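Report on the structure given below.
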Amino acid sequence: MGRPFDVKTVEAKWQSRWFDEGTYEVDNDDPRERYFALCMYPYPSGAAHQGHVRNYTFGDLVVRYQTMLDKAVLSPIGFDSFGLPAENAAIKAGSHPRLFTEERMKELSSSLRRLGAVYDWRREVFSHDPEYMRWSQTFFLALWNAGLAYRAEAPVNWCPGCMTVLANEQVHADGTCDRSGDVVIRKNLEQWFFKITDYADELLTGLDSLDWPERVKTMQRNWIGRSEGVEFDLPLAYDPSRALRVFTTRPDTGFGVTCAVIAPEHPLLVELTTDDERERVLELVERAKSESDLERTVSTEAGPGLDKRGAFTGSFVVNPFTNEPVPIYVADYVLGNYGTGAIMAVPAEDERDFAFATAHGLPVVRTIQTPDGFEGGAYTGDGVHINSGFLNGLGVDDAKRAASEFLEKNAHGVSKVNYRLRDWLVSRQRFWGCPIPIIYCDDDGMVGVPLDQLPILLPDDVTMDKTGQSPLATHDSFRHTTCPKCGKPAYRETDTMDTFTDSSWYFLRFADPFTPDRAFDPEQAAKWMPVDQYIGGVEHAILHLMYARFYLKALIDLGIAPGLAREPFARLFTQGMLRIDGAKMSKSKGNQIAPEQYYETVGADGLRLFHLFAGPPVDDVDWNDQTEEIIEGCGRFLDRLYRLSHYDDVNFHDAPDEGDLDVRRSVHRSIATVTECFEKWMYNIAVAEVMSLLNTVSKHARSEHGVERGTLDEAIDVLLKLLAPMTPHLSAEIWEERHPDDSALHAQRWPVADPSLVITTTVTMIVQVNGKVRARLEIDPQISESDAHEAALADETVQRALAGASIKRVVSRPPRLVNIIV
RNA sequence: GCCCGGAUGGCGGAAUCGGCAGACGCGGAGGCCUCAAAAGCCUUUACUCGAAAGGGUGUGUGGGUUCAAGUCCCACUCCGGGCACCA
């Protein structure tokens, strides 16, 4: 397309200027009000793709807008540079992941600059920087010393594709790996964990204060999964001095217990199993062990096969409510690592128990009166208790209280809160991550690497193993070391940390990377934290966003980050994703649309404008045949702006008249609208408003009568300021042409609407007859109810519509409408 | 199965304090400019009946509340996302 200016030259000029002059560098002692704007730590996968463009366009808009509001805006950037893709690529190419990663970092940096995104590059951070690793390892040791990092054997998720264990959060509900999509298998391994469960309660309650999308908060709440209940004893029938301990959230249904069920991993299982039942029980236990979670996670619907998922142990416990013996079953639907690994089963009021009981021919005893017409198995709603001794007649809540008291007195009952959340598994059997700074000594056991020996760096002389096994595990000079305590030969830990540990504190480093010999100065960090606006994809709703919340709380409690707000991200925005033919646009699917081609035509400005205009930022964007044309349209808008600002085809007249005043009103109303839209993330509407204003001004200026010079200049300058955060290059260029002696556009203040020009002097009132619009009247907004009524009736078209019919009623709602009912 | 979103012209989407449905843009149609084209500019564009004036119908479906419903209530359909044996 032929454009009235050279887009590449203009954009290159301003990009160099912002970068070379450090326009968006900000000092920690800046006295202005502070604003911390942050896009999620990007993984350096090479040149920016459209998803990045969208994300960083939003981020850059926030930075530039807040800057124009005269705030000290912290806009940092860095790279989440450890991770599997680099490692896999290095394996393929036979190189080192570092070389590969640094190449990709350069590409991503320059494509962010090409987009016109502005940062304080002095604060750049990347995870594999030795200085960053030093602090990652320091923090690991601090967590370890405080007991928040520990090593334990547990059944863990192993991804055969990634050749490493994964955290629970990285495994989908269907048992597949979040990264590779492989089916995850369960292994018993000794691994490193962070004790995130210590913070379960705060992670839950802290959500309330956050200005985050409700669905993200809901997802975190569900993931944490708090449940209140009672833990109590079911005495063993053959030895009442001992008991099976169970957890329930429904103590009120105790009279309906018809069996107890324990997990295949339960420590008492062997003892409880009688000779007669041993064969079937062992078979079930073996199967539970070998099956993947995918196979084990089948829904608990009654049907063929369900009976095989549980077996009678041959033993009984006594129900403390009824003093009757009930059989103990083992079943894989009861989890070994939740609650006590054993439950009381109440088929009448729990769907899983109902399905299980039905499959095994166990009785169903209702303890809550079902509503009339209730059909089906378990009834989980509220109701009056029946068949329940002292609980009869009570509702669920009252019965829960009474039953809990009973259990406290008679069955060692204690109220207990359980969480679904498990500790964060942080060790990975991979090379390209931050090494865990622990040494194993035969005499001293686990010993932390002394702080003055940090960072433990990854060796350069490695051959990436085609099998995917980490070369650290077999790297002799890395593995062999001496014990810091006794000096004897010892081994290093060869696992590395989950890369989510790196992204759990990078924002603190951004706040202060300047203080020597410290990860950050807490006083400096406290000035910026929490992040005022965090921007990223919803795919991190649980993973990164929960880990970072935990990590910051832990660092504060360990005295590393005293004085900081306990929540890292005050306000979160999650943008929609890009789809192409309904599928997610992604590198792995190979369906990405590169941004570069658009820089040649509409420029970064045009592409940015498209992303802002395409629809609400939260919504997904479907990239289709029409998209190209919309992008072209965004380019055309910028051309029209350029022409108008050069007075193409404009006619002038001298003194401002009523028409000019109307233009000024439009200008000021647009200021108000765009400002509001920016605050509410309604960027698509902000763009529409600016387009609309340009149309209004152009039309007026190009009319035969023309425009008064000062009025047009004000309109153009306001347009440039409103567009400055959206299309920064061209706006800055035009501004400079028009104001060669003034400071640059981005140093200008955001415009403020003149209230006297925003208020409307006349307004259109609609007149309806029986709810149908029959006339539109220009009236004074202050018009009284009766005047509005009269004006409506006086109108000719209204009279024609009434056609003499008798008026039953008039609804007068000035200044919006009058509705006449006949 | 449960929990959240969402459904508006040919298309992306506006309009949430119940008060002009379709802002803005894309696409289409017609015109101006031009030897012609591109670019640009102007007009028009929900559907439908009508030559026109004018009328009727319209926000996934079916009901309801109201003078008035895209917006509120009830029931449902479809699409997207999250969770899915956590006792």
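The sequence lines fix the lettering, A, B, ..., with proteins before strands; numbering per chain opens at 1. This is a predicted model, so every value here is computed, not measured. Just so you know, these numbers use all the heavy atoms, side chains as well, and skip hydrogens, waters and symmetry mates.
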- Given atom CG of A:L612 and atom P of B:G25, what is their separation to the nearest angstrom? 16 Å
- Query: In whole angstroms, how far is the C1' atom of B:C41 from the CZ atom of A:R643?
  - Reply: 9 Å
- Can you tell me if A:H646 uses its side chain to pair, donor with acceptor, with the backbone of A:D648 under 3.5 Å? no
- Task: For the side chain of A:I766, starting at C-beta, report the closest nucleotide among B:A14, B:C20, B:C24.
- Result: B:C20
- Task: Look only at the side chain of A:D423 and the backbone of A:T197, and say whether a donor-acceptor pair between them is shorter than 3.5 Å.
- Result: yes
- Task: Scan every strand shown for a Watson-Crick or G-U wobble partner of B:U65, both distances under 3.5 Å, and answer none if you come up empty.
- Result: none
- Message: Given B:A23, B:A87, B:A84, identify the nucleotide with an atom nearest to the side chain of A:T249.
- Response: B:A87
- Flag, side chain of A:R422 to backbone of A:R420, donor-acceptor distance under 3.5 Å: yes
- Message: Does B:G25 have OP1 or OP2 under 4.0 Å away from a side-chain N or O of A:N695?
- Response: yes
- Find the distance A:R636:CZ to B:A38:C1' and express it as a whole number of Å. 13 Å
- Item | B:A51 versus B:U44 - spacing of their P atoms, nearest Å | 23 Å
- Message: Taking the P atom in each of B:C74 and B:G58, what is the distance between them to the nearest angstrom?
- Response: 24 Å
- Message: Nearest heavy atom decides the nucleotide; on that basis, is A:W223 or A:M344 closer to the 5' end of RNA chain B?
- Response: A:W223
- Query: If the C1' atom of B:C32 is compared with that of B:C24, how far apart are they to the nearest Å?
  - Reply: 25 Å
- B:A53 and B:A46, which share atom name P, separated by this distance in whole Å: 15 Å
- Message: Nearest 0.5 Å, please: how far is NZ in A:K416 from OG1 in A:T248?
- Response: 14.0 Å
- Figure out the CG/C1' separation between A:D648 and B:A39, and round it to whole Å. 13 Å
- Query: Does A:K217 put a side-chain nitrogen or oxygen below 4.0 Å from OP1 or OP2 of B:G82?
  - Reply: no
- Item | Nucleotide paired to B:A37 in any strand shown, Watson-Crick or G-U, under 3.5 Å | none
- Item | Minimum-distance nucleotide (side-chain atoms of A:R776 versus B:C20, B:C24, B:A87) | B:C20
- Expressed in angstrom and rounded to an integer, what is the separation of A:L234 atom CG from B:A87 atom P? 17 Å
- Query: Looking at B:G25, B:A21, B:C83, which one has an atom nearest to any side-chain atom of A:F613?
  - Reply: B:G25
- Message: Given B:A23, B:G81, B:C83, identify the nucleotide with an atom nearest to the side chain of A:I542.
- Response: B:C83
- Under a 3.5 Å limit on both distances, the Watson-Crick or wobble mate of B:G1 is B:C83
- P atoms of B:G82 and B:G30, separation to the nearest Å: 47 Å
- Task: Tell me whether B:G10 sits syn or anti, counting syn as a glycosidic angle within 90° of 0.
- Result: anti
- Item | Nucleotide nearest A:R640 when distance is taken to its side chain, options B:C83, B:C24, B:C41 | B:C41
- Message: Strictly below 4.0 Å: does A:R215 bring a side-chain N or O up to OP1 or OP2 of B:G6?
- Response: no
- Query: Which part of the nucleic acid, if any, lies within reach of A:R422 when heavy atoms closer than 4.0 Å are counted: base, sugar-phosphate only, or nothing?
  - Reply: base
- Query: Roughly how far, to the nearest 0.5 Å, is the CG atom of A:D350 from the OG1 atom of A:T380?
  - Reply: 8.5 Å
- Message: Taking pairing as Watson-Crick or G-U wobble with both contacts under 3.5 Å, can you name the mate of B:U57, or confirm there isn't one?
- Response: B:A46
- Nucleotide opposite B:U77 in a Watson-Crick or G-U pair, distances under 3.5 Å: B:A7
- Message: Any base atoms under 4.0 Å from A:G225, or only sugar-phosphate, or nothing? Heavy atoms, all strands.
- Response: nothing
- Query: Say you draw a straight line from CH2 of A:W212 to OG1 of A:T574; how long is it, rounded to the nearest 0.5 Å?
  - Reply: 10.0 Å
- Message: Check the phosphate of B:U57 against A:K772, side-chain N and O only, distance under 4.0 Å to OP1 or OP2. Yes or no?
- Response: yes
- Measure from the side chain of A:Q626, starting at C-beta and using heavy atoms only, and say which of B:C24, B:G25, B:A84 lies closest. B:G25
- Between B:A15, B:C41, B:G81, spot the one nearest the side chain of A:M682, thanks. B:A15
- Establish, yes or no, whether a centroid distance under 6.0 Å links the rings of A:Y598 and A:F610. no
- Do A:L61 and A:M726 have side chains that get closer than 4.5 Å, going by heavy atoms? yes
- Query: Taking CD from A:E785 and C1' from B:G19, how many angstroms apart are they, rounded to a whole number?
  - Reply: 14 Å
- Query: Rounded to the nearest 0.5 Å, how far apart are CG of A:L268 and CZ of A:R245?
  - Reply: 12.5 Å
Give me the distances for all protein-to-nucleotides 63-67 of chain B N/O pairs that come in under 3.5 Å?
unit_1: B:C67; atom_1: OP1; unit_2: A:R809; atom_2: NH1; d: 3.1
unit_1: B:C67; atom_1: O4'; unit_2: A:R809; atom_2: NH1; d: 3.4
unit_1: B:C67; atom_1: O2'; unit_2: A:N819; atom_2: ND2; d: 3.4
unit_1: B:C67; atom_1: O2; unit_2: A:N819; atom_2: ND2; d: 2.7

- Message: Over all strands shown, is A:K699 touching base, sugar-phosphate only, or nothing at heavy-atom distances under 4.0 angstrom?
- Response: sugar-phosphate
- Task: Measure from CD on A:E629 to C1' on B:G13 and round the result to the nearest Å.
- Result: 16 Å
- Task: For B:A7 and B:A14, measure between their P atoms and round to the nearest Å.
- Result: 9 Å
- d(CD, A:E351; C1', B:G1) in whole Å: 8 Å
- Message: I need the A:L723 CG to A:M691 CE distance, nearest 0.5 Å.
- Response: 9.0 Å
- Item | Phosphate contact (B:A87 OP1 or OP2) by A:S227 side-chain N/O below 4.0 Å | yes
- Say you pick atom C1' in B:A68 and the same atom in B:A75; how far apart are they, in whole Å? 24 Å
- Message: Work out how far the P atom of B:U48 is from that of B:C2, and round it to whole angstrom.
- Response: 42 Å
- Task: May I ask which nucleotide in the shown strands pairs with B:G18, Watson-Crick or G-U wobble, both distances under 3.5 Å?
- Result: none
- Task: Could you tell me whether A:T218 contacts a base, only the sugar-phosphate backbone, or nothing, with contacts defined as non-hydrogen atoms closer than 4.0 Å?
- Result: nothing
- Query: Do the side-chain N or O atoms of A:Y338 get closer than 4.0 angstrom to the phosphate oxygens (OP1, OP2) of B:A87?
  - Reply: yes
- Are A:D353 and A:I343 close enough that some pair of their side-chain heavy atoms sits under 4.5 Å apart? yes
- Using heavy atoms to find the nearest nucleotide of RNA chain B for A:N684 and A:C634 separately, return the residue whose nucleotide is more 5′. A:N684
